[in-house]
Amino acid sequence: MAAVQAKVDSSKAQLDETLQRFANAFSWLRRAPLWHSPSEHGLEYEDVTFPAHDGVPLEGWFIPAPRSGKLIIANHPLGFSRSGIPTHLQPWHGDWAASGNGFEVDLVPDYKILHDAGYNVLAYDLRNHGMSSAANGGVTTHGFTESRDVVGSLGYARTRPDTRDMVIGLFSRCMGGVSTFAAMTRFPEAFDGVRCLLSPQPVTPRYIVQRRLALLGLGDRLNDFDTLIRLNTSVGLAQRVPQEWAKNVRVPTFLYQVRRDSVTDPSDVQAMYDNIPLADKKLQWIEGTTARWDGYLEFQRRPAPMLEWFEQHMS
């Protein structure tokens, strides 16, 4: 009996260790580097730095479009930098290949498309990502604190002499999208005059966690996981609620999402869309893939609907 009990105790200890590793990785993300530059596409740009709403220094690129009075502010996905994520290289490949996302996402072509369509672009790294400063103990909170960065980017655009009078649209991907929803909830006045939002693949962390726990054989440990991330970050899953934040979206919004995304569930984005309290909204599904990364590359592959959205609302 003692041997059996020892084996049970060992197995439980291993599962507990796996759960702790997952919670830690969910709390403190590996930073993606600036693997690409606008200069690779012949774009002139300026390295810029500006404060978030709470003063955290953020790093970015300003890509000018001569004689244009329109500005797109780009917010990147979780774990990315403003240039993307080199998931074709280790250690990022090892993190994502099992879910079918082991290929690179280079976001710089997005900025080239926007520039050539006549938009100035401000692309920056959220706190604890890319080259922006560490904040809040280095933890990621899926919009709870990152919302302050979105507000900071708007403040910077409105005080910079060459952009302060420009028409503004937002291109907020994944965590950049839910951070935008959270910012609209907490700082609605910051969005006065913002014309529209394009938001690919916003996600509620609970959905990703449930999928990952099931794959780890820990499907019954959601509450334990929540306790661990609260201990790590002070912000539990109940405070990371993009579906609720979506009820406070205040500008015309276009969402798009890989329908059969292997790391989440389509009902999540559908609920966010349903909760947006505006008639001027759109939801587009991406078919034929289970790779979330394909959703981030959709704009480069088929930009026409997204450019039409910006043109419709920013003219």
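We count residues from 1, following the sequence as given.
Counting only heavy atoms from C-beta outward, the side chains of Ser81 and Arg31 never approach each other to under 4.5 Å. Residues Leu89 and Trp35 are in side-chain contact: their nearest non-hydrogen atoms beyond the backbone lie under 4.5 Å apart. Looking at Tyr119 and Glu311, their side chains come closer than 4.5 Å, going by heavy atoms from C-beta outward. Inter-residue side-chain proximity for Glu146 and Thr141 is flagged as met; some heavy-atom pair is nearer than 4.5 Å. The closest side-chain heavy-atom distance from Asp16 to Gln20 is not below 4.5 Å. At a threshold of 4.5 Å between non-hydrogen side-chain atoms, the residues Leu237 and Pro205 count as touching. In this structure the side chain of Thr227 reaches within 4.5 angstrom of the side chain of Leu231, judged on heavy atoms. Arg212 is not listed as a side-chain neighbour of Phe26, based on a closest heavy-atom distance of 4.5 Å or more.
With 3.5 Å as the limit, one finds no donor-acceptor pair spanning the side chains of Tyr273 and Gln257. Counted by atom type alone, Thr204 and Asp268 present one or more donor-acceptor pairs between their side chains at under 3.5 Å. Using modelled atom types, one finds no donor on one side chain facing an acceptor on the other under 3.5 Å when comparing Arg221 with Thr18. Thr185 and Asn248 share a donor-acceptor pair across their side chains, judged by distance under 3.5 Å alone.
A donor-acceptor pair under 3.5 Å links the side-chain atoms of Trp28 to the main chain of Gly137, judged by distance alone. For Thr49 (side chain) and Leu58 (main-chain N/O), a donor-acceptor pair under 3.5 Å exists by modelled atom type. Here the side chain of Arg186 pairs no donor or acceptor atom with the backbone of Ser147 at under 3.5 angstrom. Using modelled atom types, one side-chain atom of Asn101 and one backbone atom of Trp293 make a donor-acceptor pair closer than 3.5 Å. Although no hydrogens or angles enter the test, the distance criterion places a donor-acceptor pair under 3.5 Å between the side chain of Lys281 and the main chain of Ile276. Looking at Ser133, its side chain does come within 3.5 Å of a backbone N or O of Pro57 through a donor-acceptor pair. In this structure, the side chain of Gln239 does not engage the main chain of Phe144 through any donor-acceptor pair within 3.5 Å.
Side-chain heavy atoms closer than 4.5 Å link hydrophobic residues (I, L, V, M, F, W, Y) into clusters, and following such links, even through other members, never connects Val105 to Leu78. Cluster annotation: Leu170 is not connected to Val167 through the hydrophobic network of ILVMFWY side chains, with a link wherever side-chain heavy atoms come within less than 4.5 Å. Linking Ile, Leu, Val, Met, Phe, Trp and Tyr residues whenever their side-chain heavy atoms come within less than 4.5 Å places Tyr156 and Phe191 in a single cluster. Hydrophobic clustering places Leu198 together with Met314 (ILVMFWY residues linked when any side-chain heavy atoms are closer than 4.5 Å, directly or through intermediates).
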TODO: Start with the C-alpha distance between Tyr45 and Tyr111, add both sets of side-chain angles, then the distance that settles ring-ring contact (aromatic ring centres under 6.0 Å, His included), and finish with yes or no.
DONE: CA-CA 11 Å; Tyr45 70 98; Tyr111 312 140; over 10 Å; no
Task: Test log, rule side-chain hydrogen bond (donor to acceptor under 3.5 Å, both in side chains), inputs Tyr296 and Arg292 - done: CA-CA 7 Å; Tyr296 299 135; Arg292 184 170 182 80; 2.9 Å; yes
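Cation-pi geometry between Arg148 and Phe187 is not met at under 6.0 angstrom from the ring centre and within 45 degrees of the axis. Cation-pi geometry between Arg173 and Phe80 is not met: the NZ or CZ atom fails to fall both under 6.0 Å from the ring centre and inside 45° of the normal.
Residues near Leu215 contribute nothing to a hydrophobic cluster around it, because no ILVMFWY side-chain heavy atom sits closer than 4.5 Å to its side chain.
Heavy-atom minimum distance, Ala32 versus Gly79: CB-O, 3.3 Å.
Taking the six-membered ring for Trp, Phe171 and Phe299 have ring centres closer than 6.0 Å.
Taking the six-membered ring where tryptophan is involved, the planes of Tyr256 and Phe254 are perpendicular, since the angle between them exceeds 60° and thus also 30°.
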